Amino acid sequence: MDTYRHKGLRKKLVETIRAKGIKDEAVLRAIETVPRHLFMDSSFVEFAYRDSAFPIAAGQTISQPYTVAYQTELLCVKPGEKVLEIGTGSGYQACVLCEMGAKVFSIERQKLLFDQTKKLLQSIGYTPKLFFGDGYAGQPAFAPFHKILITAAAPEIPAKLLEQLKPGGYMVIPRNSDNGDYQIMMRITKKTDGTLDVEEFDKFCFVPMLQNKSFEGFEER
Ligand code: SAH
């Protein structure tokens, strides 16, 4: 259920992330609209509107609202664009993108999270296309995408995902620093002549984007 109290808490959250530097009004509106408390365990409702990350199933996290807003702002999503997200997790970021008017495709490698999130999003009326599989492979059947958003710490820029990016499109990716202690937010533009333009932004901390691991069950690490 979404109450006036929740709506009030979201307004405050929006003011917090605005004060931290998010300017895009469409992004702020989406954060004000998506009921974040529904993406977390019911016993955590008190925490849903703090600007912090929080544990979800399978040892994963729902990203901090500021981080979600930051990545969404860098993507510059326009209504009708096809956006591929890697790391569905709780589904919160996918729903923020839906609120921006994007056609959202999202991949998750944890079966438990995939199943839970699919059920949740159906019950609250958001309809991104969700896939259980390996984000490194992307979704060639639905490519090309105007925008690609990676929401886990990437050791490298995944080549197959770049292939699935439309010329003129952006990929936003938190790429590991040399020692892997943190991630540097990067925006890669695939120029119309096929070359890449790379911009670097602030430092963040994400759960890892895993490679060559079995899909089933809980986190192995
Ligand atoms: N966007 C999420 C936050 C996700 S945390 C949200 O809004 O809640 C990162 C997610 O990426 C985790 O759920 C993790 O299981 C997933 N992940 C990690 N490596 C992956 C891969 N190779 N392919 C797809 N998903 C991956």
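Note that the structure is predicted; figures quoted are calculated from it, not measured. Count residues from 1 along the sequence.
The list of salt bridge (Lys or Arg N to Asp or Glu O under 4.0 Å) pairs with a residue in residues 58-68, not counting sequence neighbours, is empty. Residues in residues 58-78 take part in these salt bridge (Lys or Arg N to Asp or Glu O under 4.0 Å) pairs, two or more places apart or across chains: Lys78-Glu81. Applying the salt bridge (Lys or Arg N to Asp or Glu O under 4.0 Å) rule to pairs touching residues 165-190 yields Arg187-Glu199, sequence neighbours excluded.
Side-chain contact between Pro174 and Met185: present, with at least one pair of heavy atoms (C-beta onward) separated by less than 4.5 Å. Annotation: side chain of Leu9 is not in contact with side chain of His37 (no heavy-atom distance under 4.5 Å).
Atom-to-atom distance recorded for Leu120:CG and Gln122:CD is 9.5 Å, nearest 0.5 angstrom. One distance of note links NZ of Lys129 with OG1 of Thr88; it measures 13.5 Å at 0.5 Å rounding. How far OH of Tyr92 is from OG1 of Thr151: 13.0 Å, rounded to the nearest 0.5 Å. Atom-to-atom distance recorded for Thr67:OG1 and Gln93:CD is 9.5 Å, nearest 0.5 angstrom. Taking CG from Leu38 and OG from Ser90, the interatomic distance works out to 11.0 Å, rounded to the nearest 0.5 Å. The NZ atom of Lys20 lies 6.5 Å from the OG1 atom of Thr16; values are rounded to the nearest 0.5 Å.
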Going through the checks in order, is the side-chain contact (heavy atoms from CB on, under 4.5 Å) test met by Glu85 and Gln71? CA-CA 11 Å; Glu85 179 195 24; Gln71 289 198 291; over 6 Å; no

Steps toward salt bridge (Lys or Arg N to Asp or Glu O under 4.0 Å) verdict (Asp134, Lys160)
CA-CA 11 Å; Asp134 181 12; Lys160 287 199 177 137; over 6 Å; no

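Nearest heavy atom pair, residue Arg109 against residue Phe132, reads O-CE1, 3.4 Å. When all heavy atoms of Val77 and Ala102 are compared, the pair lying nearest together is CG1-CB, 3.6 Å. Nearest heavy atom pair, residue Tyr49 against residue Arg36, reads OH-N, 3.0 Å. The nearest pair of heavy atoms linking Ala137 to Pro140 is O-CD, 3.6 Å. Closest heavy-atom contact between Ala30 and Glu99: CB-CB, 3.7 Å. Closest of all the heavy-atom pairs between Ala94 and Pro128 is CB-CG, 4.3 Å.
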Can you give me every donor-acceptor pair (side chain of residues 112-119, partner residue at least two apart or in another chain, under 3.5 Å) with its distance?
| unit_1 | atom_1 | unit_2 | atom_2 | d |
| --- | --- | --- | --- | --- |
| Asp115 | OD1 | Lys111 | NZ | 2.9 |
| Asp115 | OD2 | Lys111 | NZ | 3.1 |
| Thr117 | OG1 | Gly89 | O | 2.7 |
| Thr117 | OG1 | Leu113 | O | 2.9 |

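With Thr72 as the fixed residue, the side chain to side chain contact (heavy atoms under 4.5 Å, CB included) test singles out one of Val172, Asp24, Leu97: Leu97.
Judged by distance alone, the side chain of Gln183 and the main-chain N or O of Phe206 form a donor-acceptor pair under 3.5 Å. At distances below 3.5 Å, not a single donor-acceptor pair connects side-chain atoms of His146 with backbone N or O atoms of Gly169. With hydrogens and angles ignored, the 3.5 Å screen pairs a side-chain donor or acceptor of Thr3 with a backbone N or O of His6. Under the 3.5 Å distance criterion, the side-chain polar atoms of Glu108 are matched with a main-chain donor or acceptor of Gln110. A side-chain donor-acceptor contact under 3.5 Å links Asp51 to the backbone of Tyr66.
Side-chain heavy atoms closer than 4.5 Å link hydrophobic residues (I, L, V, M, F, W, Y) into clusters, and following such links, possibly through other members, connects Tyr126 to Met100. Phe47 and Val207 are members of different hydrophobic clusters when ILVMFWY side chains are connected at heavy-atom separations under 4.5 Å.
With a 6.0 Å radius and a threshold of 12 heavy atoms from other residues, nucleotides or ligands, Lys7 has its NZ atom above the threshold. A 6.0 Å sphere centred on NZ of Lys203 holds no more than 12 heavy atoms belonging to other residues, nucleotides or ligands.
Under a 4.5 Å side-chain heavy-atom cut-off, the cluster of Ile, Leu, Val, Met, Phe, Trp and Tyr residues that includes Leu162 is completed by Leu84, Ile86, Phe105, Ile107, Phe131, Tyr136, Phe142, Phe145, Ile148, Ile150, Ile157, Leu161, Leu165, Met171, Ile173, Tyr182, Ile184, Met186, Ile188, Leu196, Val198, Met209.
In this view, Arg18 and Glu15, Glu25 satisfy the side-chain hydrogen bond (donor to acceptor under 3.5 Å, both in side chains) rule, not counting sequence neighbours.
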